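For reference, the structure discussed in these notes is given below.
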Amino acid sequence: MEVQRPRGTRDFLPEEMAKRKNVENRMRHVAQHWGYGEIKTPTFEHIELFTLKSGEGILGEIYNFKDKGDREIALRPELTAPVIRMYVEELQRSAKPLKFYYFDNCFRYERPQKGRFREFFQFGVEIIGSGRPESEAEVIAMAVEMLKSAGVQGDIHVGNLGIVRTLLKDLEVEHQSRIMRYVDKKDDKGLEDFLDHIQAPDEIRGKLFRLIGLRGENAVHEARELVGDIDAIKQFETLLELLDVYGLEYLVDLGIARGLDYYTGMVFEIYCEGLGAQNQVCGGGSYRLAQLFGGEDTPSTGYAIGFDRIMEICEVKPEAPRRIVVVSFDDTRKEAIVIAQKLREQVSVYIDVMGRKFKDQISHANTIGASHVVIVGKNELDAGKVALKDMKTGEQVLVTVEEVAERITDL
RNA sequence: GCCUGGGUGGGGUAGCUGGUCAUCCUAUGGGACUGUGGAUCCUACGACUCGGGUUCGAAUCCCGACCCGGGCCCCA
């Protein structure tokens with residue numbers, strides 16, 4: 001084999017594509033029913049779009065290149081930034097909120113593993129113009145429903161970065177980011193060393209460690225005792241009430257940080273079993289990116305589902321498409337084409353292009369799993385009809401072309 | 001970037017304590033059967049991932065690369 005597909009990429013054969021399309025359509029269906037409109041952004045963007053929000057550090061994971069005009073281009077590693085870029089570029093004056101969904105491929109230069117590829121697919125939604133608890137609850141509920149539509153159920157972890165950020169607000173911005181990164185990695189040792197390094201006040205230090213360790217039902221109460229009755233906590237409480245209204249089960253986890261500077265309020269992650277180390281199938285939260293791209297400060301909320309990971313664990317089995325094969329003899333090939341064309345207005349029709357003999361055509365129809373065969377022969381044509389053969393029962397009836405479509409679509 | 005297991009025709013495999021034309025199944029093309037399928041028979045096609053090394057001789061042993069799986073790191 002001289003040429004093979006690049007590492008971390010995949011080919012999808014018809015059987016697999018049928019499954020993927022099926023799941024994709026289920027998720028689309030959910031998004032449509034929640035009133036979201038589909039959007040599509042370019043496969044590649046200027047690299048600054050991604051370095052701006054995440055720093056130079058991510059360059060190692062980005063597929064980038066210089067185009068012939070000497071522009072630094074990147075294959076998108078995710079879709080939130082492109083969506084917000086699109087908003088800033090052409091939608092800032094439209095009625096809020098904007099509710100979008102997308103399904104597209106993304107690219108990251110990482111070591112391939114189970115549920116991790118260099119070209120992978122994300123299904124995501126964004127609400128632009130609202131970071132209120134109502135939209136936070138809505139996206140979480142929608143994420144759950146999307147997963148459910150694919151037959152997948154996971155554990156929801158919900159946190160709020162506003163609480164930790166309020167605690168850290170007097171520190172340098174750069175230090176805040178570093179701290180959030182340590183929190184995200186759950187690297188307590190590194191965090192401790194860093195706090196030593198910047199000589200953080202003992203009070204903040206103690207509260208920080210207790211805060212990010214808070215889990216479960218009493219987490220909000222304990223957080224309030226630590227940092228006072230701040231807005232972030234009020235908002236978080238409202239969110240949790242709404243999640244109850246949606247009937248969701250969740251785990252409060254104030255240790256979720258998502259490592260990203262632009263997340264500002266709620267953050268959530270959904271985990272599933274059966275995926276090894278890549279058990280996170282969905283992540284999202286409230287963020288502020290617009291002003292970073294030159295727009296007005298605009299609160300937004302969204303999430304992205306790791307579509308490939310869903311495909312690893314979902315058990316959707318779309319039924320095989322029913323296929324009709326039109327078979328003919330050497331002296332009726334042209335008539336068969338005409339009849340196939342007519343049938344295609346109603347059903348999916350497969351016709352021999354190998355110049356096979358009659359018997360081999362039937363044999364081939366059998367190997368590709370045809371449910372019915374339409375036989376176009378002299379005898380039938382003389383009677384103005386065709387023979388419809390049921391490949392399962394072997395029964396064969398003489399009918400008109402119109403009747404074929406009726407009988408098939410009836411099944 | 002690190003650790004670990006593995007790569008034999010399109011798919012699945014035997015061989016892998018070095019030595020006959022590399023085994024078998026399946027799939028695929030052609031043919032027999034000449035207006036009725038899954039069978040059978042004949043025939044064709046087709047592989048030791050790649051590159052070095054050891055050896056008289058390597059699919060087999062050694063090294064490296066590439067790729068796949070699993071576990072880490074990371075995951076914007």
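Treat the numbers as computed from the prediction; the structure is a model and nothing was measured. Sequence lines set the chain letters: A, B, ... in the order given, protein chains first and strands last, and positions in each chain run from 1. Heavy-atom basis, side chains included; hydrogens, waters and symmetry copies ignored.
Judged by the 6.0 Å distance and 45° axis criteria, A:Arg20 is positioned over the aromatic ring of A:Phe121. Geometrically, A:Arg118 does not engage A:Phe107 in a cation-pi contact defined by less than 6.0 Å to the ring centre and at most 45° from the axis.
With a 3.5 Å ceiling on both atom-pair distances, the Watson-Crick or G-U wobble partner of B:G5 is B:C68.
Only the C1' atoms considered, B:G38 is 50 Å distant from B:C75, to the nearest whole Å. Rounded to whole Å, the separation between the P atoms of B:G57 and B:G15 comes to 26 Å. Using atom P as the reference point in both B:G29 and B:C72, the two lie 45 Å apart (nearest Å). With both ends at atom C1', the span from B:A47 to B:U28 equals 16 Å, rounded to whole Å. Here the separation of B:C48 from B:G7, taken at their P atoms, is 15 Å to the nearest Å. B:A44 and B:G5 are spaced 38 Å apart, taking the C1' atom of each and rounding to whole Å. Comparing the C1' positions of B:C33 and B:C42 gives a spacing of 12 Å, expressed to the nearest Å. The P atoms of B:C74 and B:U55 are separated by 47 Å, rounded to the nearest whole Å.
A:Gly394 comes within 4.0 angstrom of a nucleotide base, judged by non-hydrogen atoms across all strands. Among the protein residues, A:Glu380 comes within range of the nucleic acid bases, having at least one heavy atom under 4.0 Å from a base atom.
Nearest nucleotide to the side chain of A:Asn366, out of B:G38, B:G35, B:C72: B:G38. In the set B:C74, B:G71, B:U36, B:C74 carries the atom at the smallest distance from any side-chain atom of A:Glu61. Nearest nucleotide to the side chain of A:Arg111, out of B:C75, B:G30, B:G71: B:G71. Minimum atom distance to the side chain of A:Lys359 is reached by B:C33, of the listed B:U4, B:C33, B:U28. Considering only side-chain atoms of A:Lys389, the nucleotide from B:G35, B:G30, B:G37 that sits closest is B:G37.
The pair A:Glu24-A:Lys21 meets the salt-bridge criterion, since a charged nitrogen lies less than 4.0 angstrom from a carboxylate oxygen.
Distance CZ (A:Arg108) to P (B:C73): 17 Å, rounded to an integer number of Å. Atom P of nucleotide B:G71 and atom NZ of A:Lys114 are separated by 7 Å, given to the nearest angstrom. Separating the CD1 atom of A:Ile368 from the P atom of B:U28 is a distance of 11 Å, rounded to the nearest angstrom. Summarising the geometry, the separation between CD on A:Gln113 and P on B:G5 is reported as 16 Å, rounded to the nearest angstrom. One atom, NZ of A:Lys357, and another, P of B:U34, lie 10 Å apart when rounded to the nearest Å. The CD1 atom of A:Ile362 sits 11 Å away from the P atom of B:G35 (whole-angstrom rounding). Here B:C75 presents its P atom at 19 Å from CG of A:Leu79, a figure rounded to the nearest Å. Going from atom CD of A:Gln280 over to atom C1' of B:C74 covers 13 Å, rounded to whole Å.
Looking at A:Gln396, its side chain comes within 3.5 Å of the base of B:U36 through a donor and an acceptor atom. Residue A:Asp360 places no side-chain atom within donor-acceptor reach of the base of B:G37, judged by atom type and a 3.5 Å distance cut-off alone. One cannot find a donor-acceptor pair under 3.5 Å joining the base of B:G1 and the side-chain atoms of A:Glu110.
At most 12 non-hydrogen atoms from other residues, nucleotides or ligands lie less than 6.0 angstrom from CD of A:Glu395. Heavy-atom neighbours of A:Arg210 CZ from other residues, nucleotides or ligands within 6.0 Å: at or below the threshold of 12.
Closest non-hydrogen pair, A:Cys272 versus A:Val281, comes out as SG-CG2, 3.8 Å.
Remark: the A:Ser286 side chain and the A:Glu136 side chain contain an N/O donor-acceptor pair separated by less than 3.5 Å.
At B:G29, one or more side-chain N or O atoms of A:Arg356 fall inside 4.0 Å of OP1 or OP2 (strictly under the cut-off).
Side-chain atoms of A:Glu61 never come within 3.5 Å of backbone atoms of A:Glu110 as a donor-acceptor pair (strictly under, hydrogens ignored). Side-chain N or O atoms of A:Thr301 include one that pairs as donor or acceptor with a backbone N or O of A:Ser130 at under 3.5 Å.
For RNA chain B, the neighbouring residues in residues 5-16 of chain A, judged by any heavy atom under 4.0 Å, are A:Arg7, A:Gly8.
Both A:Val376 and A:Arg116 sit near RNA chain B, but only A:Val376 has its closest nucleotide nearer the 5' end.
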